[in-house]
2 protein chains.
Amino acid sequence: MARSEADRGEYPLTAAERVANELTETILGTLAPGAQIPSEADIAARFEVSRLTVREAVKMLVGRGLLHIGRGRRAIVREPDSSVFAALLVAIVRNDPKGLFDLIELRMAMESLSSGLAAKRASRAGVQAIDAAMRDMRKSAAEAADGANPEAEARFHESDLQFHEAVAMASGNRVIAFIFEAMAKPLRESFVMSRRGQTLRGAGRSETLEAHQAVLDAIRTGNQRAAVDAMRAHLKSTELDIRSHLASGVAAA
Amino acid sequence: MARSEADRGEYPLTAAERVANELTETILGTLAPGAQIPSEADIAARFEVSRLTVREAVKMLVGRGLLHIGRGRRAIVREPDSSVFAALLVAIVRNDPKGLFDLIELRMAMESLSSGLAAKRASRAGVQAIDAAMRDMRKSAAEAADGANPEAEARFHESDLQFHEAVAMASGNRVIAFIFEAMAKPLRESFVMSRRGQTLRGAGRSETLEAHQAVLDAIRTGNQRAAVDAMRAHLKSTELDIRSHLASGVAAA
DNA sequence: CCGCCAAACATATCTGACAGGTGCGAGCAA
DNA sequence: TTGCTCGCACCTGTCAGATATGTTTGGCGG
């Protein structure tokens, strides 16, 4: 079976699509992020279409995350924005009952990978970022430990996520970091939904801290295998928690 | 006070963005793929904006791949389209000198993963698809072997890619399959660019066939570890080829 | 040289209009 | 009655022109 997009090829492209395609070529081919594209009027003149058509084409590229527009100034080329991919992931996850599990499955595999890569080639700044997240975790864990403190609890989870994102960044692989960043949104979304009222037990927190510290140590010392193993072990232990959270969330919904 | 571009969120959303956001919510929340959205006029009335504004909002969603529009009929909700993500990957790869290597790095990790998952839970149809690609490979390999036959050569590489895509599909993980599909475009693009005039040695072809067969066998028999190992070994052996191709391609460019 | 302001520029949005593709139902033919 | 065709209502594609408002810049006064 051929591509499903083939059904659009039967019809001639609309003017807006034509302009959008050519603009995309121009942008990807010759324009660096931060550069300005010509004004709507100029583009309209060049393609011999109305300004409205140009606006629609530009809006499509904005939807793709290739351009950023602000009132009064010309559109500027944008670095690929993970939020667009995040929207796609949200759509996939919502369309498929087990989409969230698929997402988590991939996420875990990518975590092990990025952890190992980070151990192999993390920069000083990269390690520092991970370390900073680690310190934040410890701090909010301490504050959350001595009593019911939902705010510190939330900050704990936030810095937890930041730890993992910092590891992904430190992998030095921009594609991984990009995908990782995008995955955060649907995951966060479903967690707040499924974690309503629930809190991690204190024991879970200290275990989590230890596990993260092990990952950090391995990365800092450049021990690739240890980094992979530490991350894998950490994920394994949290997997059950996550799944039970999700299961209860789904059941409640 | 210099306003950095980081604070664009502080500006009030434009009408078109507002409509686009609300439409996105509606679509993701209550509309299944294939469903029609209201007509432009209806949406315009509901949000109290002009039809033009609605059109721009819709065009943004089209750019995101959430909608498909055809002249004369209302826009229909679309299943997430990997080509949008593919465009993002192309942008990343082109912006970053080592972007292509990052992409390959991730791709290889995901191949091992999907191979193992396919062994664990591939459906009969999934295995059949892999098998079909395998047969195509053999056929075009045979035709390419007895002389210079660029066409068969091309078909060989095509079915090679299809083999890997079939494995990704067979993993049963839609997120993986989605990302995988998107990666194919930038990879193919750079390969044709870097492979100009080069051809794989015949020995490489028969080795490739064997390696693929090993993966297929492992998946068919449900041997997860063997599937991962076979795929990893295959990738390891092709990694050098790819890198040298890329290196020569970059050097030539 | 610095700071302020108006004009030029650019985007945001609206109104109104017309062309052309789609789909459904009414009416006609077998 | 059944089936087919044709026309009309609906919908999107595109244009022109107009107003509102934000951004940039060049010139002018201090």
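Lettering follows sequence order; numbering is per chain, from 1. Atom set for the values below is all heavy atoms of this structure, side chains included, hydrogens, waters and symmetry mates excluded.
Taking every side-chain heavy atom of B:Glu56 into account, C:dT13 is the closest of D:dC15, C:dT13, D:dA20. Comparing atom distances between the A:Ser50 side chain and each of D:dT24, D:dA16, D:dT12 picks out D:dA16 as nearest. With C:dT13, D:dG13, D:dA20 as the candidates, the nucleotide lying closest to the side chain of B:Ile69 is D:dG13. The side chain of B:Ser39 sits closest to D:dC11 out of D:dC11, C:dC14, C:dT13. For B:Thr14, whose side chain is taken as the heavy atoms from C-beta onward, the closest listed nucleotide among D:dT24, C:dT13, D:dT14 is C:dT13.
Under 3.5 Å, the side chain of A:Arg51 and the base of C:dT13 form at least one donor-acceptor pair of N or O atoms.
Whole-Å rounding puts the A:Lys59 NZ to D:dG13 P distance at 16 Å. Taking atom CD of residue B:Glu17 and atom P of nucleotide C:dA12, one finds them 8 Å apart after rounding to whole Å. When rounded to the nearest whole Å, the span between CE of B:Met60 and P of C:dT13 equals 8 Å. Between the CZ atom of A:Arg71 and the C1' atom of C:dT11 there is a distance of 7 Å, given to the nearest Å. A straight line from CD of A:Glu48 to P of D:dA16 spans 11 Å, rounded to a whole angstrom. In this structure, the CD atom of A:Glu40 is 18 Å from the P atom of D:dT21, given to the nearest Å. Here D:dG13 presents its P atom at 12 Å from CG of A:Leu13, a figure rounded to the nearest Å. The interatomic distance linking A:Leu67 (CG) with C:dA12 (P) rounds to 12 Å, in whole Å.
Looking at heavy atoms from C-beta onward, A:Gln36 lies in side-chain contact with A:Ile76 at the 4.5 angstrom threshold. A heavy-atom distance below 4.5 Å is not found between the side chains of B:Glu111 and B:Val167. You'll find the side chain of A:Leu106 reaches within 4.5 Å of the side chain of B:Leu113, heavy atoms only.
For D:dT12, neither phosphate oxygen OP1 nor OP2 lies less than 4.0 angstrom from any side-chain nitrogen or oxygen of B:Arg74. Phosphate proximity of C:dT11 to A:Arg73: absent, as no side-chain N or O sits under 4.0 Å from OP1 or OP2.
Checking B:Leu52 against B:Pro38, the closest nucleotide of DNA chain D that is more toward the 5' end is the one next to B:Pro38. Take the nearest nucleotide of DNA chain D for A:Thr53 and for A:Gly70: the residue whose nucleotide is more 5' is A:Thr53.
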(request) Using the side chain to side chain donor-acceptor pair (under 3.5 Å) rule, take B:Asn173 and B:Ser171 through it: C-alpha gap first, then chi angles, then the decisive distance, then the call. (result) CA-CA 5 Å; B:Asn173 185 317; B:Ser171 76; 5.6 Å; no
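Between A:Arg46 and A:Glu22, none of the side-chain N atoms (NZ, or NE/NH1/NH2) sits under 4.0 Å from a carboxylate O, so this pair counts as no salt bridge.
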